[in-house]
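Computed from heavy atoms alone, side chains included, the values below leave out hydrogens, waters and symmetry copies.
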Amino acid sequence: MASRQKRIMRAFTLSLLVASLSGCAAPPGDPSVESPSTAASAASCPTDELAFTQENGCVNDGSVEFCLPTGDDALLTRVREIAPTIQAGSSRGRAGCNLPAETLYFFPTGESECVAHHGALVDAAWDKLCRIAELPEVRTIVPTWYE
């Protein structure tokens with residue numbers, strides 16, 4: 001009888017172990033688990049050029065901004081390939097563009113770019129901003145604040 005109880009206890013213990021370990025694995029496509037490509041992207045993001053983190057990237061008045069050299073159509077085309085929704089401005093902005101040699105551009109931080117109003121940037125938006133920040137012509141990307 002004691003032998004049978006030991007086998008039952010071992011089986012019970014093993015089933016508990018398997019159940020607890022299976023809870024550690026995330027299902028495929030679970031967005032809460034960082035994928036290797038996201039981890040690599042985060043590691044290579046030039047955060048020195050970004051005046052915010054992914055976690056607070058939507059704490060602004062609806063966009064972040066940066067300067068590009070005025071008249072560099074090839075560069076503007078490259079940036080629009082990364083972020084087609086950017087919009088040109090007409091002032092120096094918080095990015096401090098050197099007018100008229102530079103033009104101010106806004107990257108919107110709306111519902112599709114943010115997990116919540118004044119929350120974090122979604123991975124895709126963060127990746128776009130990292131790719132823009134990698135361009136040598138971009139000195140800084142800062143939050144937009146209207147006065």
Side-chain angles (χ1 to χ4, degrees), residues 8-147:
I8 292 172
M9 286 304 294
R10 283 186 194 150
F12 178 72
T13 303
L14 181 60
S15 67
L16 282 177
L17 179 63
V18 169
S20 67
L21 289 177
S22 67
C24 295
D30 185 344
S32 65
V33 176
E34 192 170 5
S35 68
S37 61
T38 304
S41 174
S44 66
C45 187
T47 55
D48 291 347
E49 281 79 20
L50 299 165
F52 49 86
T53 64
Q54 183 174 3
E55 290 73 28
N56 66 7
C58 294
V59 178
N60 55 55
D61 281 344
S63 64
V64 295
E65 58 191 65
F66 57 94
C67 307
L68 291 176
T70 301
D72 190 337
D73 294 335
L75 176 62
L76 182 55
T77 298
R78 285 178 47 208
V79 174
R80 286 198 188 280
E81 287 171 357
I82 296 168
T85 60
I86 63 167
Q87 297 293 319
S90 59
S91 69
R92 292 176 34 88
R94 297 232 177 239
C97 299
N98 180 17
L99 299 177
E102 294 179 318
T103 301
L104 178 67
Y105 285 91
F106 298 97
F107 177 96
T109 54
E111 289 181 12
S112 61
E113 292 81 22
C114 302
V115 297
H117 182 66
H118 287 177
L121 287 161
V122 298
D123 289 343
W126 179 249
D127 180 63
K128 289 176 184 180
L129 288 169
C130 288
R131 291 171 54 203
I132 292 169
E134 288 174 345
L135 298 169
E137 297 86 353
V138 176
R139 291 186 312 277
T140 188
I141 303 176
V142 300
T144 300
W145 293 110
Y146 297 113
E147 296 178 0

Walk me through whether Thr144 and Phe106 qualify under side chain to side chain contact (heavy atoms under 4.5 Å, CB included).
CA-CA 8 Å; Thr144 300; Phe106 298 97; 3.6 Å; yes

Hey, mind stepping through Asp127 and Arg131 against side chain to side chain contact (heavy atoms under 4.5 Å, CB included) and telling me if it holds?
CA-CA 6 Å; Asp127 180 63; Arg131 291 171 54 203; 3.5 Å; yes

Test log, rule side chain to side chain contact (heavy atoms under 4.5 Å, CB included), inputs Val64 and Val142
CA-CA 5 Å; Val64 295; Val142 300; over 6 Å; no

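When all heavy atoms of Pro46 and Cys130 are compared, the pair lying nearest together is CD-O, 3.6 Å. When every heavy atom of Cys58 is checked against every heavy atom of Ala116, the shortest pair comes out as CB-O, 4.3 Å. A pairwise comparison of heavy atoms in Pro69 and Leu75 identifies CD-CD2, 3.5 Å as the closest pair. Residue Ser91 comes nearest to Leu104 through the heavy atom pair O-CB, 3.4 Å, listed as atom of the first residue, atom of the second, then distance. In plain terms, the two heavy atoms of Thr103 and Ala88 that are nearest each other are CG2-CB, 4.2 Å. Taking every heavy atom of both residues into account, Trp145 and Val59 meet most closely at CZ2-O, 3.2 Å.
At least one side-chain heavy atom of Cys45 sits less than 4.5 Å from a side-chain heavy atom of Leu50. Between Cys67 and Arg139 there is a side-chain heavy-atom pair separated by less than 4.5 Å. Looking at Leu129 and Phe107, their side chains come closer than 4.5 Å, going by heavy atoms from C-beta outward. A 4.5 Å side-chain heavy-atom check between Val138 and Glu49 finds every atom pair outside the cut-off.
Here CD of Glu134 is found 8.0 Å from CD1 of Ile82. Values are rounded to the nearest 0.5 Å. The structure places CG of Leu68 at 8.0 Å from CG of Leu135, a figure rounded to the nearest 0.5 Å. Atom-to-atom distance recorded for Arg80:CZ and Ile132:CD1 is 10.5 Å, nearest 0.5 angstrom. Rounded to the nearest 0.5 angstrom, Asp61 CG and Arg94 CZ are separated by 8.5 Å. Between the CD atom of Glu81 and the CG atom of Leu76 there is a distance of 10.0 Å, given to the nearest 0.5 Å. A distance of 11.5 Å separates CD1 of Ile141 from OG1 of Thr47, quoted to the nearest 0.5 Å.
Side chain to side chain, Thr70 and Glu102 fail the donor-acceptor criterion of an N or O pair below 3.5 Å.
Of the possible polar contacts, none joining the Arg92 side chain to the Asn98 backbone as a donor-acceptor pair under 3.5 Å is found. Here the side chain of Gln54 pairs no donor or acceptor atom with the backbone of Ala120 at under 3.5 angstrom. The main-chain N or O of Gly110 is found under 3.5 Å from a side-chain atom of Glu113 such that the two form a donor-acceptor pair. Side chain of Ser63 to backbone of Thr109: no donor-acceptor contact under 3.5 angstrom is found. Although no hydrogens or angles enter the test, the distance criterion places a donor-acceptor pair under 3.5 Å between the side chain of Asn56 and the main chain of Thr53.
Between Phe66 and Tyr105, the ring planes are parallel. Angles under 30° get that label, and only those over 60° would be called perpendicular.
In Glu55, the CD atom is crowded: over 12 heavy atoms of neighbouring residues, nucleotides or ligands sit closer than 6.0 Å.
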